[in-house]
Every structure is written in C-alpha cells, then in structure tokens.
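Only one structure is covered here, and it is reproduced in the block below.
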Amino acid sequence: METKLYNISSADDACQLAEVASILRSGGLVGIPTETVYGLAANALDAQAVRKIFIAKGRPQDNPLIVHISSIEELYALAEEIPEKALFLANAFWPGPLTMVLKKSPAVPDEVTCSLPSVAVRMPSHKIANAIIKAAGLPLAAPSANLSGKPSPTTAAHVMHDMNGKIEAVVDGGECEVGVESTVITLCTEPPVLLRPGAVTLRQLKEVIGDVAADPSIFSKPGAELKPSSPGMKYKHYSPDAEVIIVKGELPAFEALARAAGEDAAVLCFDGEEKLFPGMTVFSFGAEDDVSAQAHRLFSILRRADELKVKRLFVRYPGTDGVGMAVYNRLLRAAAFRVVEV
Ligand code: TXA
Ligand code: MG
C-alpha cells in the first residue's frame with residue numbers, strides 16, 4: 001500500500017483533517033504527532049483496526065495500547081469506577097503527557113487491552129492530535145509509531161522510515177516537543193503505582209494525589225522474580241542497532257574509556273564536552289542539568305547513530321532527577337541494562 005503523507009501545521013486545516021478522519025473511521029492506520037512521540041492510531045472501538053496495529057508494528061500480543069481522547073466526557077465511555085484521584089490528576093495534567101490506567105468498560109475491545117481488566121487512557125495536548133481525534137469523533141488507540149523494539153519516533157520522517165508501505169497515512173505535525181513517551185500511572189491499586197516515568201514527574205503526581213509507589217521494573221531488568229505490572233516494561237525496547245553502554249563516573253574516566261574504544265565507537269556526551277573526542281562520532285545530549293533537552297533529543301540521536309552505522313555508543317550517565325527518571329529508564333532499555341562504573 002502507498003502511505004500518504006499529510007502536512008498539517010494548523011488545527012484549522014479542515015480539509016486535510018477530514019481526509020485523515022475518514023481513513024480512521026473506515027478502519028485504517030495513521031501515524032499522528034503528539035507532544036510526546038508519534039503514535040500509530042486506529043479507531044479504538046474497532047477490534048479489526050486495532051489488530052492491524054499489532055501487525056504493522058510487530059508488537060507482542062500481550063502488550064496493551066493507550067486510548068487517546070480529546071475531552072473528559074470521552075473518559076466515562078472507556079473507564080468505570082473512576083476514582084476521585086484520577087479526576088484530580090486529569091484536572092492537573094490533561095491535556096498533557098500523562099496516561100492513567102483505570103478499570104475498563106465493556107465498550108473497550110479486548111484487542112486494545114490484551115484482555116486485561118484495565119484500560120490506559122490519555123488526553124494529548126498536541127493541537128493536531130487533538131484536532132484529529134475531534135475530526136474522527138472517535139477514541140484512538142495508539143502505541144508509539146515505531147517498529148516494535150526500535151526507538152520511538154519523534155518526527156514524521158522517523159515514522160515513514162519504520163511504517164512506509166504498511167499503513168494508510170502519516171500526518172507530519174513537526175518535531176515532538178517532549179521526546180519521550182507519556183508518564184503511565186495505574187489507579188487500579190492503592191496507593192497508585194507509577195509504571196512508566198515521563199514528563200509528568202513522580203514528585204508532580206505526589207503533589208496532587210499524595211502517596212504514589214514506583215514500580216520496581218522502572219530501573220531494574222524484569223526477570224523471573226520481578227513481574228512488571230505494565231507488560232511493555234518487560235520487552236527489549238528503544239534499541240538501536242548499536243550496542244549502547246551507559247558510563248557512570250567522572251568526565252576524565254569517561255573520556256579515557258570512550259577514546260580507547262576505537263573508530264567505530266561513538267559518544268553521547270553533554271554540551272561542551274564534544275571537543276574531547278576529536279575524530280570520533282559525537283552526539284550531544286544537551287546541557288548536563290537540562291533533562292528536558294536530553295529527553296527531547298534521546299530517541300532521534302539513537303536513530304541517527306543507526307544511520308551512521310555506529311557499532312558502540314558510550315553514553316554519559318544523565319542522572320535520575322525529575323524528567324531524568326524517564327531518560328534513564330529509556331536509556332537502560334536501549335542499553336539492555338549495560339552500565340559501566342568508572
Ligand atoms: O506518549 C505516549 O504514551 C505514546 C503516544 C503515542 O501517546 N504512546 C505510547 O504507547 O508510548 P506504547 O504502546 O508505546 O506504550 C504504552 C505503555 C506500554 O508500556 C503498555 O504496557 C502500557 O502502556 N499499558 C497500556 N495499557 C495498560 C494497562 N491496561 N495496564 C498496564 N499497562 C498498560
Ligand atoms: Mg512504544
């Protein structure tokens with residue numbers, strides 16, 4: 001199939017939005033921009049359309065999808081027994097990069113939730129995403145629009161790279177602002193549990209609803225003894241072809257290790273450190289204390305490393321404060337948990 005590329009820069013572009021909405025209403029798949037990463041969207045109420053998402057991505061059958069809405073009323077059709085804490089969180093962070101896991105309503109097909117009794121719901125703040133949901137008049141199931149296991153896409157070009165020929169359309173709405181996927185919290189437990197860190201931080205969640213636990217799999221390799229509550233956490237993820245190695249330690253030790261690694265190695269360092277690696281492929285993460293910039297750049301750097309056929313990528317340890325928790329969570333998976341202390 002030919003994948004049609006739409007360039008939509010304004011939510012007033014009614015003509016193109018109507019075309020995209022019609023593809024979604026007839027059961028097609030569309031790559032859409034959001035403020036976090038690009039999503040691969042389908043009508044969440046159409047089991048057949050949702051099945052096509054799993055095929056296009058090569059996604060494991062037991063990894064459920066997030067349903068995207070554009071108004072709070074839509075939440076009541078998807079979830080039941082919604083606790084007060086969920087409404088407080090919606091009030092504080094929606095529209096925005098927060099996904100809430102709630103008790104599912106029978107209206108949500110098992111294909112979306114992989115037969116779990118819960119459903120994940122998010123209201124994106126991206127104007128074009130919001131306009132597409134409204135134009136379609138449907139809740140949209142959308143995982144990140146990458147091939148399963150690859151870094152999430154933060155531009156329409158990334159989506160085309162992974163999905164060209166496999167889906168009906170891609171909407172180019174520019175570069176994603178946040179750069180890492182939404183924060184996922186489950187409200188099906190007491191206290192609620194942070195399942196995946198994102199731009200809405202653990203501290204911000206606690207400020208609104210009090211106690212929130214952090215799932216142990218955020219920084220640990222799920223194994224026999226550690227069963228993740230969010231199925232997505234157990235898979236190899238965000239992996240470029242390059243071997244990624246996270247290096248904890250001072251800059252001189254990092255420099256020595258990376259420079260000894262040879263020509264096909266590359267480094268991912270903080271702004272201002274690039275000059276220490278002459279002759280090597282160097283990516284900069286942003287300033288050492290600018291975790292938002294690091295989140296924004298991470299996935300596109302991992303994709304760029306693949307384009308340049310980097311074999312090994314040595315990465316400076318970014319810390320775990322605030323949004324850094326999300327950056328380190330994604331990096332650990334990209335690195336298959338390889339962390340070196342120097
Ligand atoms: O920012 C985002 O969330 C992006 C954009 C497109 O909205 N979407 C995204 O979707 O990251 P995906 O499919 O790549 O990640 C969804 C995560 C997975 O880790 C999945 O296991 C978890 O949410 N999830 C979905 N439904 C769940 C449920 N009922 N219970 C627990 N975890 C759930
Ligand atoms: Mg994903």
Side-chain angles (χ1 to χ4, degrees), residues 29-42 44 50 53-54 56-70 78-79 93-105 108-126 128-130 132-133 139-154 158-159 162 171 173 176-189 192-200 215 217-218 222 227-239 295 299 326 329-330 333-334:
L29 304 188
V30 183
I32 64 165
T34 84
E35 71 279 19
T36 56
V37 300
Y38 272 74
L40 181 55
V50 169
I53 293 180
F54 285 82
K57 276 185 65 94
R59 185 178 178 97
Q61 293 293 336
D62 62 350
N63 193 5
L65 308 178
I66 296 172
V67 180
H68 297 67
I69 59 175
S70 63
L78 301 168
F93 303 113
W94 278 3
L98 177 70
T99 296
M100 291 196 267
V101 175
L102 298 161
K103 185 174 180 219
K104 134 189 200 315
S105 107
V108 182
D110 281 337
E111 280 74 5
V112 172
T113 61
C114 300
S115 302
L116 290 176
S118 57
V119 61
V121 185
R122 143 166 145 82
M123 188 193 295
S125 62
H126 195 288
I128 307 298
N130 186 276
I132 291 170
I133 300 166
L140 299 179
S144 49
N146 50 289
L147 288 174
S148 203
K150 291 290 159 197
S152 294
T154 56
H158 295 160
V159 182
D162 284 16
V171 174
C176 301
E177 195 183 317
V178 176
V180 293
E181 306 86 341
S182 61
T183 303
V184 180
I185 183 173
T186 178
L187 293 132
C188 297
T189 55
V193 179
L194 174 68
L195 299 177
R196 181 175 74 180
V200 174
D215 196 84
S217 66
I218 289 174
K227 289 235 167 24
S229 331
S230 184
M233 287 294 214
K234 75 177 177 230
Y235 293 107
K236 188 178 171 211
H237 244 107
Y238 318 116
S239 312
F299 287 138
N329 168 271
R330 308 309 192 272
R333 281 158 179 80

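Note that the structure is a prediction, hence the values are computed from the model and not measured. Note that ligands are numbered from 1 as they come in the structure, with each ligand's atoms numbered from 1 the same way. For the numbers below, each heavy atom of this structure counts, side chains included, while hydrogens, waters and symmetry mates do not.
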Where is the tightest heavy-atom contact between [X] and [Y], given as atom of each residue plus distance?
X	Y	value
Val37	Ser144	CG2-CB, 3.9 Å
Val112	Ala44	CG2-O, 3.4 Å
Val121	Ile66	C-CG2, 4.4 Å
Arg330	Phe299	CG-CZ, 3.9 Å

Winner among [options] once heavy atoms are compared against [atom]:
atom	options	answer
atom 27 (C) of ligand 1	Pro64, Gly31, Ala41	Pro64
atom 9 (C) of ligand 1	Ser118, Cys188, Ser144	Ser144
atom 13 (O) of ligand 1	Lys57, Arg59, Met100, His126	Arg59

Can you tell me which portion of [X] lies within the under-4.0 Å heavy-atom range of ligand 1? Options are side chain, backbone, both, or neither.
X	result
Pro143	both
Thr186	neither
Lys104	neither

Residue pairs fulfilling salt bridge (Lys or Arg N to Asp or Glu O under 4.0 Å) with at least one residue in residues 111-122, sequence neighbours excluded =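 For residues 111-122: Glu35-Arg122, Arg51-Glu111.
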Tell me, please, which residues at least two apart from Thr186 pass side-chain hydrogen bond (donor to acceptor under 3.5 Å, both in side chains).
->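 For Thr186 there are no side-chain hydrogen bond (donor to acceptor under 3.5 Å, both in side chains) partners, ignoring immediate neighbours.
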In terms of side-chain heavy atoms, does Thr99 have a donor or acceptor partner in Ser182 at a distance below 3.5 Å?
->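 A donor-acceptor contact under 3.5 Å links the two side chains.
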Near the Mg ion (ligand 2), which protein N/O/S atoms fall under 2.8 Å?
->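 Hits for the Mg ion (ligand 2) below 2.8 Å: Ser144 OG.
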Check whether any N or O atom of [X], backbone or side chain, sits under 3.5 Å from an N or O atom of ligand 1, and answer yes or no.
X	result
Tyr38	no
Glu181	no
Thr34	no

Counting N and O atoms only, with roles assigned by atom type, does the side chain of Tyr38 sit under 3.5 Å from a partner on the main chain of Gly173, one being a donor and the other an acceptor?
->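 Here the side-chain-to-backbone pair exists.
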To the nearest 0.5 Å, what is the distance between OG1 (Thr36) and CG (Leu98)?
->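 Spacing of OG1 (Thr36) from CG (Leu98) equals 11.5 Å.
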Only counting residues at least two apart or in another chain, list the ones meeting ring pair (Phe, Tyr, Trp, His ring centres under 6.0 Å) with Phe93.
->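 Per chain and number, Phe93 pairs via ring pair (Phe, Tyr, Trp, His ring centres under 6.0 Å) with no residue.
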Stepwise side chain to side chain contact (heavy atoms under 4.5 Å, CB included) test for Ile69 and Met123 = CA-CA 5 Å; Ile69 59 175; Met123 188 193 295; 4.0 Å; yes
Is it true that Val101 lies under 4.0 Å from ligand 1, counting heavy atoms only?
->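 So Val101 counts as touching ligand 1.
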Sub-4.0 Å atoms of ligand 1 with respect to non-hydrogen atoms of Arg196 |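 Taking each heavy atom of Arg196 in turn, ligand 1 has 2 (C), 3 (O), 9 (C), 11 (O), 15 (O), 16 (C), 17 (C) under 4.0 Å.
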